[in-house]
Structures are given as structure tokens and as C-alpha cells.
Amino acid sequence: MKTPIDVAVTGAAGQISYQLLFRLAAGNFLGNDQPVILHLLEIPSAMDALKGIIMELNDCASPLLHRIEITDDPMVAFKNVDFAFLIGAKPRGPGMERRDLLADNANIFAHQGKALNAVARRDVKILVTGNPANTNALIAMHNAPDLKPENFSAMSRLDHNRGLAQLAEKCGVLPLDVKNMIIWGNHSTSQYPDLHHTKVKGQDALSLVDQRWFEQQFIPTVQDRGTAIIKARGQSSAGSAAHAALDQMRNWVQGTEAGDWVSMGVRSDGSYGIKKGLVYSFPVTIENGKVSIVQGLTINKFSAERMKASENELKEEREAVKHLLG
Ligand code: NAD
Ligand code: LMR
């Protein structure tokens, strides 16, 4: 057995965490020889519900689950953690955009950024899922000056997976036959799911589908999938969100496949003309835990306009929280 890893999960009594925690305990993150210690953060009013979840986790008698610690103090939750899944935040309801959550959620990430800065391991990997994820990641990053920006990422893997699934269904293949999907920008309706570099069984995706489907079906379906799920189930996505969080964190540790990449919200270094410092979703490759933005992709006018629109939205969000950025 390996040395246990310390994994923090915030919003541990919420609906995404309910899908995530049992999978962490079952070895779905880094394999069934990797024990875990769970550090669960909640607000005081959710502690009773969390205690019920802990009873259930213990009732799984998982050989990998070495310990569970619960707290309402981020300074305790993040102490020496290797991984932090920042999920705890208010979700949107019908008729809202994710950016409408900033007023309620931004302070959470300022506070948690400071705590991570103070007590987490210096090589901690922090995945921000709570919405609006990109700008919350930006806030947490700015409040953790002793950590590197590379310690942080925002979740765009759910959008990436949605793109894989939509294209695979259209082409009558499996999602694993689709490579080089890209989500550019914000985890919002301004995101740009781009098929110009995507391959299906080695063939250019855009040679297999018509431009009308790409523009009028694919792009809006991926952009608006979160809204469609809220409309259908009355609550935002949870199972697919937990799955995407595991996918994104796992790739961050284990790397990307040769010839493929994943989409990840990371601090822009100015690649593709995107304003340096914004947390923006790019195609990335990962090796030995190091994330590199894929360089040299040809961007046509259609793509450039959409990438810019999402960048502009992120600039507006950044402006709205500038008081939290130090
Ligand atoms: P939920 O309401 O079921 O659970 C959120 C939990 O967070 C609650 O138990 C709440 O008590 C807790 N919480 C609130 N403030 C906290 C704090 N300061 N510290 C610790 N815990 C706190 O919501 P959910 O459905 O699990 O969604 C969580 C967040 O994830 C929402 O913001 C949602 O919009 C977002 N989300 C993002 C994606 C994505 O792709 N990035 C996908 C799905 C959902
Ligand atoms: C999603 O994309 O499913 C989540 O961000 C939840 C939401 O608000 O749409």
C-alpha cells in the first residue's frame, strides 16, 4: 500500500460531493492501491447532514479510506493537503447565469485562498468547481501569494466531456474515438467549444459534420447544457460534475495521452492573445504534473471572435471582484 494522500473537499454535504466522496473512497481517483485521508469542510448548518454522509462512508468499509476529518474551519481542512476540491458554493437556479453567483460566492474563495496559502502543501493541486469557477479560481489564486498560480485550476472538464459526448453521438462513435476537443474561455454560456482541431478516429471532425450542425447545434448545446440540466431536474448537474472533477484532477496527476490534450481553466500566460492573468480554459497537455498550454494552433476569424467574447466576459467578472484581488 502507498502512503495515504490527503484530499480536501469543500461543500462536503452538497450534491456534487455526495457523488464524489464515495468514489474517492473507492479508489476511482488514483487507483485501488492509493489510500486516502479525507478532509471535509462544511458550514456549521450543514454539519448534521455531513455526519450522516460520514456514517455512510464508514459503512462502505473501504480498505482505502484511512481517516475522515470534518471541520468548518478552512485552516484545519487544508492543513498539509495534497489535493483540494473546492466545490462548496451556492449553485444557480432557473433563470440565473453563473456570474450572478459572484456576489454570494466570491468571498468564500478569498477566504479559502488565504487558508490554502497558509497551511496547504506547497505542491497542492487545487481544482475550483464552485461557480463561477474561473473567476473564483482567480480570486483564490490572488489570495494565495505564496502558492504558485500553477497550483490552481478551474473546472472546464465537464464542458470538454459534454463536447466529446455530443460529437461522438453525432458521428456514431464512442467518446474515446474523439481526440483534441477544445473548450476555450469561461465556464459560462460564452465558452467556445471548438472543433477545428478535433479528430474522430483520426479524421478531421469538421469534415464529418456540416458547418450548420457545428454552429447551430453543437456549440449552443455544449454552451447551454448546464441550463438544460437545471431545467430538466430542477437542480444543477452533480454526477457528471463529480466525474469531471475526478477526470480533471486525475489527468493533472497522471498526465495526458500522447497525441491528445484536455481543456482546463488555467492562468493565461498571454497565449492566443488572451489577457495575461485571467483564468481561461485552454487546451493543455500535462506531463509529470506540469500543465502546458498547447501552442501553435491556427485560429480563424470565426474562432477568434468567440474566444475574444469569452475573454471579455472574464474581464468583466474580474472587474466586479477587483476588491478581492489584493
Ligand atoms: P449544493 O448546494 O448541493 O452544495 C454546496 C455545499 O457547499 C452545501 O452543502 C453548502 O453548505 C456548502 N458550502 C457553502 N458555503 C461553504 C463554505 N464557505 N465552505 C464550505 N462549504 C460551503 O451545490 P452543488 O450542486 O454541490 O454545487 C456546488 C457548486 O458547484 C455550485 O456553485 C455549482 O454551481 C457548481 N458547479 C460547477 C460545475 C462546473 O462545471 N464548474 C458543475 C456543477 C456545479
Ligand atoms: C454545469 O455546467 O452543469 C454547472 O456549472 C452548473 C450550472 O450552473 O449550470
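Below, each value reflects all heavy atoms present in this structure, side chains not excepted, and no hydrogens, waters or symmetry copies.
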Please step through side chain to side chain contact (heavy atoms under 4.5 Å, CB included) for the pair Leu195 and Met181, ending with a clear verdict. CA-CA 6 Å; Leu195 294 182; Met181 177 64 58; 3.7 Å; yes
Between Phe214 and Ile219, is the side chain to side chain contact (heavy atoms under 4.5 Å, CB included) condition met? List the steps. CA-CA 6 Å; Phe214 171 50; Ile219 294 177; 3.9 Å; yes
Would Trp184 and Ser263 satisfy side chain to side chain contact (heavy atoms under 4.5 Å, CB included), going step by step from the backbone distance to the final call? CA-CA 8 Å; Trp184 299 102; Ser263 305; over 6 Å; no
Start with the C-alpha gap between Ile229 and Gln235, add the side-chain angles, then the distance that decides, and say whether side chain to side chain contact (heavy atoms under 4.5 Å, CB included) holds. CA-CA 7 Å; Ile229 290 167; Gln235 281 188 304; over 6 Å; no
His243/Asn161 under side chain to side chain donor-acceptor pair (under 3.5 Å): CA gap, chis, key distance, verdict: CA-CA 10 Å; His243 185 85; Asn161 287 347; 4.9 Å; no
Would you please test Lys322 and Glu319 for salt bridge (charged side-chain N to carboxylate O under 4.0 Å, His left out) and show each step? CA-CA 5 Å; Lys322 64 177 184 218; Glu319 184 61 21; 2.6 Å; yes
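Separating the CG atom in Asp247 from the CZ atom in Arg157 is a distance of 4.0 Å, to the nearest 0.5 Å. Separating the CD1 atom in Ile37 from the CG atom in Leu24 is a distance of 13.0 Å, to the nearest 0.5 Å. Note that CG of Leu40 is 5.5 Å distant from CD1 of Ile54, once rounded to the nearest 0.5 Å. The line from CG of Leu314 to OG of Ser188 is 7.0 Å long, rounded to the nearest 0.5 Å. For the atom pair OG1 of Thr129 and CG of Asn131, the computed distance is 8.5 Å after rounding to the nearest 0.5 Å. Once rounded to the nearest 0.5 Å, the distance linking CG of Leu167 with CG of Leu206 reads 8.5 Å.
Contact check for His160 versus Met264: no side-chain heavy atoms found under the 4.5 Å cut-off. The shortest side-chain heavy-atom distance between Glu316 and Arg99 falls under the 4.5 Å cut-off. The shortest distance between side-chain heavy atoms of Pro4 and Val36 does not fall below 4.5 Å. A 4.5 Å side-chain heavy-atom check between Leu278 and Lys315 finds at least one atom pair inside the cut-off. The shortest side-chain heavy-atom distance between Ser237 and Leu158 falls under the 4.5 Å cut-off. Proximity of Lys179 to Lys201: side-chain heavy atoms (C-beta onward) are nowhere separated by under 4.5 Å. Residues Leu64 and His66 are not in side-chain contact: their nearest non-hydrogen atoms beyond the backbone lie 4.5 Å or more apart. His111 has its side chain within reach of Pro74: a pair of non-hydrogen atoms, C-beta onward, lies under 4.5 Å apart.
A donor-acceptor pair is defined here as one N or O able to donate and one able to accept, closer than 3.5 Å; no such pair exists between the side chain of Asn186 and the backbone of Ser190. For the pair Gln248 (side chain) and Ala154 (backbone), a donor-acceptor distance under 3.5 Å is present. Put simply, the side chain of Glu311 gets close to the backbone of Lys275: a donor and an acceptor are under 3.5 Å apart. Checked by atom type and distance alone, the side chain of Thr10 pairs as donor or acceptor with a backbone atom of Gly88 at under 3.5 Å. Asp204 contributes no side-chain N or O that, together with a main-chain N or O of Ser207, makes up a donor-acceptor pair within less than 3.5 Å. A donor-acceptor pair under 3.5 Å links the side-chain atoms of Gln223 to the main chain of Gln191, judged by distance alone. A donor-acceptor pair under 3.5 Å links the side-chain atoms of His197 to the main chain of Thr298, judged by distance alone. Checking side-chain atoms of Asn143 against main-chain N and O of Ala140 turns up no donor-acceptor pair under 3.5 Å. Although no hydrogens or angles enter the test, the distance criterion places a donor-acceptor pair under 3.5 Å between the side chain of Arg250 and the main chain of Phe29. Between the Ser62 side chain and the Ala25 main chain, a donor and an acceptor come within less than 3.5 Å of each other.
Residue Thr198 comes nearest to Asn180 through the heavy atom pair OG1-O, 3.0 Å, listed as atom of the first residue, atom of the second, then distance. When all heavy atoms of Pro94 and Ile230 are compared, the pair lying nearest together is N-CG2, 3.9 Å. Shortest non-hydrogen contact noted between Leu21 and Val9 is CD2-CG2, 3.8 Å. When all heavy atoms are compared, the tightest approach of Arg98 to Gly226 is NH2-CA, 3.9 Å. Of all the heavy atoms in Pro145 and His142, the pair that sits closest is CD-O, 4.1 Å. Nearest approach of Ala133 to Met155, heavy atoms of both residues: CB-N, 4.4 Å.
Using modelled atom types, one finds a donor on one side chain and an acceptor on the other under 3.5 Å when comparing Thr227 with Arg92. Inspection of the Ser156 and Asp159 side chains reveals no N or O donor paired with an N or O acceptor under 3.5 Å. There is a side-chain donor-acceptor pair under 3.5 Å between Asn117 and Asp146. A donor-acceptor contact closer than 3.5 angstrom is absent between the side chains of Asp73 and Thr71. Of the N and O atoms on the side chains of Ser271 and Gln295, at least one donor lies less than 3.5 Å from an acceptor on the other residue. With hydrogens and angles left out, the side-chain atoms of Glu215 and Gln211 include a donor and acceptor closer than 3.5 Å.
For the side chain to side chain contact (heavy atoms under 4.5 Å, CB included) with Leu38, the qualifying choice from Leu65, Ile70, Asp6 is Leu65, the only one to do so. Each of Leu20, Asn251, Leu127 was evaluated against Leu246; a single residue qualifies, Leu20, per the side chain to side chain contact (heavy atoms under 4.5 Å, CB included) test. Shown are Val262, Val222, Asp194; of these, the side chain to side chain contact (heavy atoms under 4.5 Å, CB included) with Ile183 is made only by Val222.
Look at Arg212 and Asp210 and you find no salt bridge, because none of the NZ, NE, NH1 or NH2 atoms lies under 4.0 Å from a carboxylate O.
Enclosure of atom CD in Glu56 by more than 12 non-hydrogen atoms of other residues, nucleotides or ligands within 6.0 angstrom is indicated. Shown here is Met1, whose CE atom has more than 12 heavy atoms of other residues, nucleotides or ligands within 6.0 Å. Heavy-atom neighbours of Asn312 CG from other residues, nucleotides or ligands within 6.0 Å: above the threshold of 12.
Taking the six-membered ring where tryptophan is involved, the planes of Phe218 and Trp213 are tilted, since the angle between them lies from 30° to 60°. Between Tyr18 and Phe22, the two ring planes are perpendicular [angle over 60°; tilted spans 30° to 60°].
Hydrophobic cluster membership for Leu138: Leu41, Met75, Phe78, Val81, Leu86, Leu102, Ile108, Phe109, Leu116, Val119, Val124, Ile126, Val128, Ile139, Met141, Leu147, Phe152, Val279, Val321, Leu324, Leu325 (Ile, Leu, Val, Met, Phe, Trp, Tyr linked by side-chain heavy atoms under 4.5 Å, directly or transitively).
Arg306 forms a cation-pi arrangement with Phe302, by the criterion of a distance under 6.0 Å to the ring centre and an angle within 45° of the ring axis.
Taking the six-membered ring for Trp and the full ring otherwise, Tyr272 and Tyr280 have centroids separated by 6.0 Å or more.
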